[in-house]
Amino acid sequence: MATGNKVKQRAKSKEQRTKGAAIFYITDKGLVLAEKLKGLYPDVKVFKFKPDTVSEFWGKHKSFIFIMATGIVVRAIAPLIKNKKTDPAVVVLDEKGRFAVSLLSGHIGGANNIAKQIADFLGGEAVITTASDVNNMPSIDLWAMENNLVIENWESVPEISARFLNKGKLKVYSDIRISMPKGFQTTDNPDSAVILITNKNNLSTHSPIHPFTHLYLRPKNLIIGIGCNSGTSASEIEDAVKGALSKNRLSFLSVQSIATIDKKGAEPGLLSFAGKYNLKINTFTPDELNSVSNVEKSEAAFKATGANAVAEPAAMLASGADKLLVRKQKIGNVTVAVAGQRAKSKEQRQGKLYIVGTGPGTIKHITPYAQNVIKESDVIVGYGTYLDLIKELTRGKEVISTGMTKEIDRCQKAVGLAMSGRTVSVISGGDPGIYAMAGLVFEILKGQRAESREQRATSGRHENYVESPMLYAPCAVSVEVIPGISALNACAARLGAPLMHDFAAISLSDRLTPWKLIEERLESAAKTDFVIVLYNPKSMGRPEHINKARKIILKHRAPETPVGIVRAAMRENESIVVTNLRDMLNYDIDMQTTVIIGNSRTFVWENRMITPRGYEKKFKI
Ligand code: SAH
């Protein structure tokens, strides 16, 4: 699946960033901590710190972790710091690992993330001082980077970011389709915008030469078709490309790639120009180039290459566009044509709906895949408490939060947003397929498909029926369910090993299931000696259910049967009780609690609850 790949690629780039980490220590304790961090970053290089040796490594590593006083680090790196575009991430730790201070390149360099990862790993605290993080607002430079937008006038970033933080909103003009973070208000009028997302230079009366007041973000969406004589130098090619773009008021920063004929794929000047700006070169055969119509043909080009033209058809083929932004310009030995990357069609912009399980508690227990999917999403839909637990992942995103009983609303909203082409994550605590949102989302999708079929069948009868693509393809949304650790996994782990034999999970909530049916299931599970996991055991509105359930189970099981009561598993206020059927009501049980009732063979050992599987019959244990 395309998105799967995208997620994987992102994950990879993050990994690469941390792969290049170097750790410096001074004391023996610092060395112990550095070695421990190899558990987090296996490829990290560890060095004993000497102030004058840091410069040898600067530029070679993407991130630096210093285990020592901040002052020593500041003095050592001060002469090496250049700018936030190129400086590496610098994180400082005390030798006990209690604090991970993000000191330099918090956003672009990734120091904030590294500090958080280390703090999570060591059980310490990340010290983050960037204002956007502190205020839970998106960071403009990070958002631009994540969306592959090049910042033209970096000098404006602090000023514009401060304005954004103070006002909570900014006017943004964009001539590409892009999902905006919270607080970016789109406008069609470039003159009223503070941020301009465009490859054009003549849009607004505010040009990038007015730093501090406006920010220009350049989408990488220009493809340059190039033809040149053999032996043309890189600088001549560069001048020709820059000249053609500036004459047509297009930004060089928006250049994404170069396109040419296969014969020129190894032309030294072209390679060196492409290498200098990290541009990919796409090449095409003469036949491919000749298949493009509506281009200016040249006798000379045909004689030399077998292609009627090079620059124009190459740019069109590589961009997928059917017209050019700049027709062929001949400048000395070089011909240049420019095409814009074709925007994705509606079908290509297929919406995505992820139904994501965020596990029992904090970010630590969410799978890395689920974390990436959340980061990848434009919109996050969920219930307040679960969203609070994963705040760090949703910063800067559109978050739609509703009350607990509004799940139908939530799912309908999510489906609607995905159908409009957006990437949406519906968040469920635990696993999304266990007493949660996955089933509901599928029911809504199923209902919509049936509805659209019905409408299609009757549409012929309506004179003014307008064919709506949404109606005909209501499921043109890719849906993926991403599992999470359910309460039964988390609570069983906290208790020991109570689920080693067959078990039944039963929810005591009669909001959607008749109580009579719940009683019948309790009775059957108790009678057939299943270990029983009780979800939703008690709420203010139905305090008696747990007592009734206990009575039913006691008909079939001894009062000494072990019972585990786990509240808020894997959260800060977690509590774990191992008791038995007789005494269980002496303990607090609420909606954050899961109760596990052992089978007839479950035993307690060292305050752990264990259900034997039957190994004792096979081996002498
Ligand atoms: N989808 C969730 C379950 C939602 S139903 C999952 O897979 O875990 C809500 C019930 O789950 C709660 O009433 C409680 O019984 C249980 N639960 C959820 N998180 C829990 C936690 N951290 N500790 C203990 N029980 C929990």
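Computed over heavy atoms, backbone and side chain alike; hydrogens, waters and symmetry mates excluded. Remember, it's 1-based here, ligands and their atoms both numbered in the order they're listed.
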Using the six-membered ring wherever Trp is involved, compare the ring planes of Trp515 and His545 and label them parallel, tilted or perpendicular (cut-offs 30° and 60°). parallel
Got a sec, which pairs hit side chain to side chain donor-acceptor pair (under 3.5 Å) with one end in residues 496-507, sequence neighbours left out? Ser507-Asn536
Salt bridge (charged side-chain N to carboxylate O under 4.0 Å, His left out): pairs with one or both residues in residues 603-615, sequence neighbours excluded: none
Within the 6.0 Å centroid threshold, strictly below: Tyr435 and Tyr535: yes
Name the residues with a heavy atom less than 4.0 Å from ligand 1? Pro360, Gly429, Gly430, Asp431, Ile434, Tyr435, Ala436, Ser486, Ala487, Cys491, Tyr535, Asn536, Pro537, Val566, Ala568, Ala569, Arg571, Met591, Gln592, Thr593, Thr594
Residue pairs passing the salt bridge (charged side-chain N to carboxylate O under 4.0 Å, His left out) test with at least one member in residues 584-605, sequence neighbours excluded, are Arg567-Asp590, Arg601-Glu616
Show your working on salt bridge (charged side-chain N to carboxylate O under 4.0 Å, His left out) between Lys516 and Glu519 and close with a plain yes or no. CA-CA 5 Å; Lys516 194 165 165 291; Glu519 282 194 332; over 6 Å; no
